[in-house]
**Q** 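Got a structure for you, written out below as structure tokens; questions coming shortly.
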Amino acid sequence: MSEVRIRPRQVLVLIIVFLVILMMVHRNGKRTCQGPDYLQTMYAQADTLPTIYAVTPTYTRPAQKAELTRLSHLFMLLPHLHWIIVEDANATSPLVTGLLQRAGLEKRSTQLNIKTPPEFKLQGKDPNWIKPRGVEQRNLALTWLRNNVDPNRHSIVFFMDDDNSYSTELFAEMSKIERGRVGVWPVGLVGGLMVERPYLSEDQNQVIGFNAAWRPERPFPIDMAAFAISMDLFIRNPQALFSYEVQRGYQESEILRHLTTREKLQPLANGCREVLVWHTRTEKTKLTAEEALLKQGKRSDGGMEV
């Protein structure tokens with residue numbers, strides 16, 4: 001039988017081929033993104049970006065799963081987001097638990113619950129503005145954050161309602177918020193205007209006013225979707241909470257007055273010239289046919305979760 005001899009050059013080639021394959025496998029195993037530049041940058045810097053804790057109060061209703069499913073796609077795209085969902089209920093629900101599992105977000109989410117006191121609950125055909133909403137839920141999330149977030153690591157808090165529309169680019173902007181600052185930007189389709197926005201100084205570095213048409217005398221006449229807050233401000237100001245004892249439309253001012261001043265706000269979104277979030281609202285679901293079925297002891301969603 002003839003002897004097989006492997007030359008040193010062949011060994012070197014095999015080693016090089018092996019290393020190339022190993023590098024390709026390693027690269028494919030890492031998080032990659034083929035999207036726009038800002039998204040690719042976020043993926044490349046995912047381990048160094050501040051964690052953004054997005055707080056979403058939610059409650060049981062026909063459109064709840066649809067709303068949360070839409071939002072979950074943002075979290076699936078953005079690796080440095082942590083979702084805090086706070087249910088207005090006596091216990092967490094299998095619906096929300098299952099939704100987080102299906103989205104693969106179990107390790108990047110926190111599921112909490114607290115019931116709104118009956119006297120502050122909307123009743124029947126009450127307009128949604130007549131009573132403060134999400135007060136208990138947002139305050140519980142702040143308690144959780146103060147007790148669980150590493151105060152030595154920079155992170156950001158954003159109050160993220162489940163019916164608004166958000167661009168992924170908003171979270172790239174949010175990641176620029178400095179320690180000890182509150183970042184602000186325009187919000188579309190809110191306050192009776194196409195856009196509510198801050199006015200900036202000539203050098204674009206300082207907020208000098210706002211264009212709000214509704215209650216412009218408020219200390220901070222902006223929407224809840226118009227700002228995010230460096231977590232260290234909440235650590236240093238434990239009194240900063242939402243309150244039922246404020247005038248209509250003053251929840252934003254109530255939380256921000258403990259944390260910052262207008263002059264210290266950090267303008268983002270290209271000098272507050274770009275709209276990256278919209279105050280959209282889902283139309284109340286009409287279920288007249290379903291109600292007729294229920295009267296007959298039937299339902300269209302028997303054995304299903306919609």
Side-chain angles (χ1 to χ4, degrees), residues 54-61 63-64 67 71 84-89 112 114-143 157-166 182-199 207-229 233-234 237 239-262 264-265 272 275 277-285:
V55 177
T56 301
T58 188
Y59 63 97
T60 300
R61 62 195 189 280
Q64 182 186 27
E67 303 273 30
L71 274 192
I84 303 177
I85 300 182
V86 192
E87 299 183 64
D88 187 348
L112 304 173
I114 188 169
K115 190 79 172 172
T116 298
E119 62 269 28
F120 294 111
K121 278 288 256 184
L122 292 174
Q123 304 296 325
K125 295 184 179 180
D126 284 349
N128 58 21
W129 48 262
I130 201 168
K131 294 178 182 177
R133 294 182 300 157
V135 172
E136 298 285 344
Q137 290 73 34
R138 293 187 184 106
N139 284 343
L140 179 62
L142 288 176
T143 299
V157 180
F158 179 49
F159 299 105
M160 187 181 196
D161 289 350
D162 62 6
D163 55 354
N164 287 344
S165 300
Y166 306 91
V182 175
V184 292
W185 46 79
V187 177
L189 311 178
V190 68
L193 297 172
M194 283 297 293
V195 61
E196 278 188 350
R197 59 185 293 261
Y199 291 135
V207 173
I208 58 173
F210 301 88
N211 76 331
W214 187 81
R215 303 293 293 269
E217 72 278 8
R218 289 173 290 160
F220 295 91
I222 56 178
D223 187 70
M224 197 72 71
F227 62 91
I229 301 164
L233 288 173
F234 283 117
N237 298 281
Q239 78 282 11
L241 292 168
F242 293 93
S243 172
Y244 289 110
E245 306 302 322
V246 297
Q247 299 178 57
R248 175 190 167 201
Y250 273 70
Q251 288 295 335
E252 295 84 355
S253 295
E254 174 63 18
I255 198 72
L256 290 175
R257 74 182 180 90
H258 295 289
L259 306 172
T260 189
T261 62
R262 286 189 179 195
K264 293 180 181 178
L265 294 171
C272 291
V275 178
V277 54
W278 297 261
H279 189 78
T280 49
R281 240 171 234 193
T282 303
E283 181 180 294
K284 187 174 181 180
T285 311

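These numbers were taken from a predicted model, which means no experiment stands behind them.
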**Q** List the atom of Pro198, the atom of Val184, and the distance in Å for their closest heavy-atom pair.
**A**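 Closest approach of Pro198 to Val184, heavy atoms only: CG-CG2, 4.2 Å.
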**Q** Evaluate Phe227 against Ile255 for side chain to side chain contact (heavy atoms under 4.5 Å, CB included), listing each step before the verdict.
**A** CA-CA 11 Å; Phe227 62 91; Ile255 198 72; 4.2 Å; yes
**Q** Where is the tightest heavy-atom contact between Val195 and Pro186, given as atom of each residue plus distance?
**A**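 Closest pair (atom of Val195, atom of Pro186, distance): CG2-CB, 3.7 Å.
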**Q** Within the 3.5 Å criterion, strictly below it, is a donor on Gln137 or Thr58 matched to an acceptor on the partner's side chain?
**A**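 There is no such pair (donor and acceptor under 3.5 Å, judged by atom type) between the side chains of Gln137 and Thr58.
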**Q** What's the verdict on side chain to side chain contact (heavy atoms under 4.5 Å, CB included) for Tyr250 and Arg218, showing C-alpha distance, side-chain angles and the deciding distance?
**A** CA-CA 7 Å; Tyr250 273 70; Arg218 289 173 290 160; 3.4 Å; yes
**Q** Rounded to the nearest 0.5 Å, what's the gap from NZ on Lys115 to OH on Tyr59? Could you check?
**A**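 So the NZ of Lys115 and the OH of Tyr59 are separated by 12.0 Å.
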**Q** Hey, is the main chain of Phe220 close enough, under 3.5 Å, to the side chain of Ser253 for a donor-acceptor pair?
**A**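 Yes: the side chain of Ser253 pairs with the backbone of Phe220.
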**Q** I would like to know whether Asp161 and Arg133 meet salt bridge (charged side-chain N to carboxylate O under 4.0 Å, His left out); could you show each step before the answer?
**A** CA-CA 11 Å; Asp161 289 350; Arg133 294 182 300 157; 5.8 Å; no
**Q** Test Val187 against every option in His279, Met224, Arg197 by the side chain to side chain contact (heavy atoms under 4.5 Å, CB included) rule and name the one that passes.
**A**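 Exactly one option meets the side chain to side chain contact (heavy atoms under 4.5 Å, CB included) with Val187, and it is His279.
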**Q** Taking side chain as C-beta onward, heavy atoms only, is Leu256 less than 4.5 Å from Ile222?
**A**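 Side chain of Leu256 against side chain of Ile222, heavy atoms only: contact under 4.5 Å found.
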**Q** Looking only at the side chains, is there a donor atom on one of Gln251 and Arg138 sitting less than 3.5 Å from an acceptor on the other?
**A**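 On atom types as modelled, these side chains do not qualify, holding no pair under 3.5 Å.
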**Q** If you take all heavy atoms of Leu142 and Ala240, which pair is closest and at what distance?
**A**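 Distance-wise, the nearest heavy atoms are CD1-O, 3.9 Å.
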**Q** Holding to salt bridge (Lys or Arg N to Asp or Glu O under 4.0 Å), I want the full list of residues that pass it with Glu283, two or more places apart in sequence or in another chain.
**A**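 Salt bridge (Lys or Arg N to Asp or Glu O under 4.0 Å) check on Glu283 returns nothing, list empty.
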**Q** Check whether Glu252 reaches the backbone of Asp223 with its side chain - one donor and one acceptor, N or O, closer than 3.5 Å.
**A**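 No; zero donor-acceptor contacts below 3.5 Å.
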**Q** Which pair of non-hydrogen atoms, one from Arg215 and one from Pro221, has the smallest distance, and what is that distance?
**A**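 Smallest heavy-atom distance, with atoms named: O-CB, 4.0 Å.
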**Q** Do side-chain atoms of Asp88 reach the backbone of Lys121 as a donor and acceptor pair under 3.5 angstrom?
**A**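 Checked: no pair found.
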**Q** Mark yes or no for whether Asn237, through its side chain, and Leu259, through its backbone, hold a donor-acceptor pair below 3.5 Å.
**A**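 Side chain of Asn237 to backbone of Leu259, a donor-acceptor pair under 3.5 Å: no, none is there.
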**Q** First locate atom CG of Asp162, then atom CG of Asn164, and finally report the distance between them rounded to the nearest 0.5 Å.
**A**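 Those atoms lie 8.5 Å apart.
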**Q** Testing the 3.5 Å rule here: is there a donor-acceptor pair between the side chains of Thr282 and Asp163?
**A**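 Distance-only check fails for Thr282 and Asp163.
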**Q** Is it the case that more than 12 heavy atoms not belonging to Glu119 sit under 6.0 Å from its CD atom?
**A**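 Enclosed.
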**Q** Just wondering, do Leu189 and Met194 contact through their side chains at under 4.5 Å, heavy atoms?
**A**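 With C-beta onward as the side chain, the pair touches.
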**Q** With under 30° as parallel and over 60° as perpendicular, where do the rings of Tyr244 and Phe120 fit, or are they tilted in between?
**A**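 Ring orientation of Tyr244 relative to Phe120: parallel.
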**Q** Side chains of Val86 and Ile84: does their closest heavy-atom pair fall under 4.5 Å?
**A**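 A side-chain contact under 4.5 Å exists here.
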**Q** Are any side-chain N or O atoms of Arg257 and backbone N or O atoms of Pro219, one a donor and one an acceptor, separated by less than 3.5 Å?
**A**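 No; judged by distance alone, with no hydrogens or angles, the pair does not exist.
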**Q** Within the structure provided, determine whether Leu193 and Trp214 are in side-chain contact (heavy-atom separation under 4.5 Å).
**A**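 Not in contact.
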**Q** Please check: side-chain N/O of Trp185 versus main-chain N/O of Ala225, any donor-acceptor pairing under 3.5 Å?
**A**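 It does hold such a pair.
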**Q** Measure the CG-OG1 distance between Leu112 and Thr143 for me, rounded to the nearest 0.5 Å.
**A**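 Between Leu112 CG and Thr143 OG1, I get 9.5 Å after rounding to 0.5 Å.
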**Q** Does Met160 offer a backbone N or O that forms a donor-acceptor pair with the side chain of Thr56 under 3.5 Å?
**A**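 A pair under 3.5 Å: yes.
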**Q** Apply the test side chain to side chain contact (heavy atoms under 4.5 Å, CB included) to residues Gln64 and Glu67: give CA-CA distance (whole Å), side-chain angles for both, the deciding distance (0.1 Å), then the verdict.
**A** CA-CA 5 Å; Gln64 182 186 27; Glu67 303 273 30; 5.9 Å; no
**Q** Just jot down the side chain to side chain donor-acceptor pair (under 3.5 Å) partners of Glu196, sequence neighbours excluded, or say none.
**A**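 Listed in chain order: nothing, the list is empty.
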